[in-house]
Asker: 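Would you mind keeping the following structure in view while I ask a few things?
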Amino acid sequence: MNQFVARRLVQYRIHNGMSQERLAKHLGVTPERIRRVESGAQHLEAISLYAACEVFGTSMAAFFKCYKGFEEHYQSRAGSSSASAACR
């Protein structure tokens with residue numbers, strides 16, 4: 001899970017043209033903390049991940065859409081069959 005969050009955080013941060021320092025400031029953590037999270041060495045608390053999603057203008061559901069098993073679970077509940085290109 002930490003590796004998945006790390007990869008997605010980097011994807012969203014880069015897509016939004018944001019530096020690690022700027023993201024850290026938005027989340028109230030140090031840039032070193034963001035580096036450690038993005039490397040998978042530390043986890044990001046749910047409240048900080050929620051705040052990151054707000055900064056990126058996305059939902060937690062969209063952030064985790066590509067997580068293994070999430071798509072199948074979501075499809076069975078929502079009846080959706082579309083997959084995000086970012087997941088591939």
Side-chain angles (χ1 to χ4, degrees):
M1 175 69 81
N2 283 354
Q3 292 299 319
F4 173 81
V5 170
R7 284 190 311 272
R8 292 292 280 172
L9 195 63
V10 170
Q11 286 175 340
Y12 273 96
R13 183 178 58 74
I14 291 172
H15 177 76
N16 285 277
M18 189 175 291
S19 68
Q20 290 176 329
E21 291 76 14
R22 188 165 150 219
L23 179 58
K25 186 173 182 173
H26 280 295
L27 301 183
V29 300
T30 65
E32 177 61 25
R33 178 70 193 274
I34 297 299
R35 283 189 279 283
R36 292 181 56 79
V37 169
E38 288 186 354
S39 73
Q42 280 188 334
H43 72 278
L44 191 62
E45 291 83 10
I47 191 71
S48 294
L49 184 54
Y50 181 81
C53 286
E54 286 188 329
V55 167
F56 298 140
T58 193
S59 67
M60 293 278 279
F63 187 91
F64 282 99
K65 185 172 183 178
C66 302
Y67 189 68
K68 185 177 179 178
F70 181 86
E71 182 79 15
E72 294 81 11
H73 174 75
Y74 182 77
Q75 285 177 7
S76 68
R77 296 191 72 188
S80 172
S81 62
S82 64
S84 172
C87 297
R88 297 167 212 211

Asker: Are more than 12 heavy atoms, taken from residues, nucleotides or ligands other than Ile14, located less than 6.0 Å from that residue's CD1 atom?
Answerer: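 For Ile14, atom CD1 is crowded (more than 12 foreign heavy atoms under 6.0 Å).
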
Asker: Any idea which heavy atoms bring Pro31 and Ala24 closest together, and the distance?
Answerer: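 Smallest interatomic distance, heavy atoms only, reads N-CB, 3.5 Å.
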
Asker: State plainly whether one hydrophobic cluster holds both Leu44 and Met1, where clusters connect Ile, Leu, Val, Met, Phe, Trp and Tyr through side-chain heavy atoms under 4.5 angstrom apart.
Answerer: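 Same cluster.
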
Asker: With a 4.5 Å cut-off on side-chain heavy-atom distances among I, L, V, M, F, W and Y, is there a chain of contacts connecting Val10 to Met60?
Answerer: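 The answer is no; the residues belong to distinct hydrophobic clusters.
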
Asker: Is any side-chain heavy atom of Val5 closer than 4.5 Å to one of His43?
Answerer: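 No; the side chains remain at least 4.5 Å from each other.
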
Asker: Checking Tyr12 now: which residues fulfil ring pair (Phe, Tyr, Trp, His ring centres under 6.0 Å) with it, not counting sequence neighbours?
Answerer: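 Only Phe56, Phe63 meet the ring pair (Phe, Tyr, Trp, His ring centres under 6.0 Å) criterion with Tyr12.
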
Asker: Please report the interatomic distance CZ(Arg33) to CD(Gln20), rounded to the nearest 0.5 Å.
Answerer: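 So the gap between those two atoms works out to 13.0 Å.
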
Asker: Show, in sequence, the C-alpha distance, side-chain angles and deciding distance for Met18 and Val55, and conclude whether the side-chain contact (heavy atoms from CB on, under 4.5 Å) test is met.
Answerer: CA-CA 10 Å; Met18 189 175 291; Val55 167; 3.5 Å; yes

Asker: Any heavy-atom pair between the side chains of Leu27 and Ile34 that's under 4.5 Å?
Answerer: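 Yes; the side chains approach each other to less than 4.5 Å.
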
Asker: side-chain contact (heavy atoms from CB on, under 4.5 Å), that's the test. Do Leu23 and Leu9 meet it? Break it down for me.
Answerer: CA-CA 10 Å; Leu23 179 58; Leu9 195 63; 4.1 Å; yes

Asker: Could you work out, with side chain to side chain contact (heavy atoms under 4.5 Å, CB included) as the rule, every residue matching Ala6, not counting sequence neighbours?
Answerer: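 Here no residue qualifies.
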
Asker: Is the closest side-chain heavy-atom distance between Glu21 and Arg35 below 4.5 Å?
Answerer: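 Glu21 vs Arg35: side chains touch.
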
Asker: Quick check for you: to the nearest 0.5 Å, what is the distance between Glu54 atom CD and Ser59 atom OG?
Answerer: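 Reported to 0.5 Å precision, the distance equals 11.0 Å.
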
Asker: Drop me the distance from Lys65's NZ to Arg8's CZ, to the nearest 0.5 angstrom.
Answerer: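 Rounded to the nearest 0.5 Å, the NZ-CZ separation comes to 9.5 Å.
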
